[in-house]
Amino acid sequence: MYDGDVLAGDWRRPGRGTIPKVAAEPDLVVEDADSGFCGAVVACDKEAVTLEDRFGKRRLFPLEPAAFLLEGKVVTLVRPAPAARAPRRSASGSIAVEGLRAKVARQSRIYVEGVHDAALVEKIWGHDLRVEGVVVEYLEGVDDLPAIVEEFGPEPGRRLGVLVDHLVPGSKESRIAERVTSPHVLVVGHPYIDVWQAVKPSVLRIPAWPSVPRGVPWKEGVIAALGWRMEPAEAWRRILGSVSTYADLEPELLGRVEQLIDFATSQDEAG
């Protein structure tokens, strides 16, 4: 009935065209067809797989065709496909654009009060701003804001967003902002006396930003209260260096900057 011995030849390895390929995922339990060693996959590279048996013994086996048994059936183990890499995020939390080349600058702009504000916005939102082609400039104060707005010449497709420190009811800043009425200008602000306070105290390992008595320059008063023996410029470098992502900033600043970016780009896209 038989042409030869039914057990003759390599009975565990039928024709390669019928052998399924199985990814050597961690914890997959297989048996080496030659040695009978059975274990779970603990590592795999392009040439070999490491199995660990129930006693904790490990052995390395080459990834040869039809070299393993899975639930009694012959299989070829292959290296698992690499996991899809999650998209890289910018400091603001947005999806980073790989190989970015900054857009040609839009006519719309964002103005901030001072150089520290500009540096913080650049560190967290710089990538986003280059993607959108939005330029940020600083004013060195808002006392002359109405004249600055008039000189800018806002119009459809040429919008101006302004970020103001200490924009709270009854403040000098709020009274100045109320004088800007152009529909092509958006003035928003945060409640902090200085943008330093928009950095969460925990980032600097301090319990809170100290209160500074009236009549004392705010930055110098903060430095003295914290016991920092340094000039304001050095203190700012310390603060800025502690910030790495949007999570290090207070929501009152985050929301306003995002609002300004949307404002500066929305009409350009519509028109």
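Only a predicted model underlies this, so the values are computations on that prediction, with no experimental measurement involved. Keep in mind that the numbers below use all heavy atoms, side chains included, and drop hydrogens, waters and symmetry copies.
In this structure the side chain of K123 never reaches within 4.5 angstrom of the side chain of S244, judged on heavy atoms. A 4.5 Å side-chain heavy-atom check between L204 and W209 finds at least one atom pair inside the cut-off. No side-chain heavy atom of L69 sits under 4.5 Å from any side-chain heavy atom of V30. Side-chain contact between P232 and I223 is present, with heavy atoms from C-beta onward closer than 4.5 Å. Counting only heavy atoms from C-beta outward, the side chains of F37 and E31 never approach each other to under 4.5 Å. Looking only at side-chain heavy atoms (C-beta outward), H184 and P156 come within less than 4.5 Å of each other. A 4.5 Å side-chain heavy-atom check between V135 and I110 finds every atom pair outside the cut-off.
What you find for D32 and A67 is that their closest heavy atoms are OD1-O, 3.5 Å. Here the closest heavy-atom approach between residue A33 and residue A66 is recorded as CB-O, 4.5 Å. Looking at every heavy atom in both residues, A235 comes nearest to W228 through CB-CE3, 4.0 Å. Of all non-hydrogen atoms in S108 and G157, the two that sit nearest each other are OG-O, 3.8 Å.
Side-chain contacts under 4.5 Å among hydrophobic residues (ILVMFWY), followed directly or transitively, place V168 with no other residue at all. Through chains of ILVMFWY side-chain contacts below 4.5 Å, V187 is grouped with Y111, L139, V142, L145, I148, V149, F152, L160, V162, V164, L167, I176, V180, V185.
Annotation for Q259: atom CD counts as buried by contact number, over 12 foreign heavy atoms lying within 6.0 Å.
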Donor-acceptor list for residues 50-63 side chains, cut-off 3.5 Å, not counting sequence neighbours:
| residue | atom | partner | partner atom | Å |
| --- | --- | --- | --- | --- |
| E52 | OE1 | R58 | NE | 2.5 |
| E52 | OE1 | R58 | NH2 | 2.9 |
| D53 | OD1 | F55 | N | 2.9 |
| D53 | OD1 | G56 | N | 3.1 |
| D53 | OD1 | K57 | N | 2.9 |

What pairs of donor and acceptor atoms, side-chain ones from residues 39-48 against any protein atom, are under 3.5 angstrom apart with sequence neighbours left out?
| residue | atom | partner | partner atom | Å |
| --- | --- | --- | --- | --- |
| D45 | OD1 | E47 | N | 2.8 |
| D45 | OD1 | A48 | N | 2.7 |

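Shown here are the ring pair (Phe, Tyr, Trp, His ring centres under 6.0 Å) partners of Y138, two or more places apart in sequence or in another chain: there are none. In this structure I193 satisfies the side-chain contact (heavy atoms from CB on, under 4.5 Å) test together with H166, Q197, W218, sequence neighbours excluded. Residues forming a side-chain contact (heavy atoms from CB on, under 4.5 Å) with A119 (at least two apart in sequence, or on another chain): W236, L240. Under the rule for a side chain to side chain donor-acceptor pair (under 3.5 Å), the partners of D143 that lie at least two apart in sequence or sit in another chain are K172. Every side-chain contact (heavy atoms from CB on, under 4.5 Å) that K21 has, sequence neighbours left out, goes to T76, V78. In this structure, E71 has no side-chain contact (heavy atoms from CB on, under 4.5 Å) partners at least two apart in sequence or on a different chain.
With values rounded to the nearest 0.5 angstrom, S171 atom OG is found 4.5 Å from E173 atom CD. The line from NE2 of H127 to CD of E132 is 9.5 Å long, rounded to the nearest 0.5 Å. A distance of 10.0 Å separates CD1 of I239 from CG of L120, quoted to the nearest 0.5 Å. We find the CD-CG distance between E64 and D34 to be 7.5 Å, quoted to the nearest 0.5 Å. To the nearest 0.5 Å, atoms CG (D128) and CD1 (I261) are separated by 5.5 Å.
Linking Ile, Leu, Val, Met, Phe, Trp and Tyr residues whenever their side-chain heavy atoms come within less than 4.5 Å places V216 and M230 in a single cluster. The hydrophobic cluster containing Y192 does not contain V115, counting ILVMFWY residues as joined when their side-chain heavy atoms lie under 4.5 angstrom apart, directly or transitively.
For residues 217-243, the salt bridge (charged side-chain N to carboxylate O under 4.0 Å, His left out) pairs, not counting sequence neighbours, are D194-K219. For residues 243-256, no residue pair satisfies the salt bridge (charged side-chain N to carboxylate O under 4.0 Å, His left out) rule, not counting sequence neighbours.
A donor-acceptor distance shorter than 3.5 angstrom exists from the side chain of K200 to the backbone of A247, with no hydrogens or angles considered.
When only modelled atom types and interatomic distance are considered, S242 and R205 share no side-chain donor-acceptor pair under 3.5 Å.
Looking at V136, V112, V257, L253 one by one, the single match for side-chain contact (heavy atoms from CB on, under 4.5 Å) with D117 turns out to be V112.
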Going through the distances and angles, do L70 and V29 end up as a side chain to side chain contact (heavy atoms under 4.5 Å, CB included)? CA-CA 7 Å; L70 175 62; V29 177; over 6 Å; no
Would R79 and E25 count as a salt bridge (charged side-chain N to carboxylate O under 4.0 Å, His left out) if you check the C-alpha gap in whole Å, the side-chain angles of each, and the deciding distance to 0.1 Å? CA-CA 8 Å; R79 188 180 186 183; E25 301 286 356; over 6 Å; no
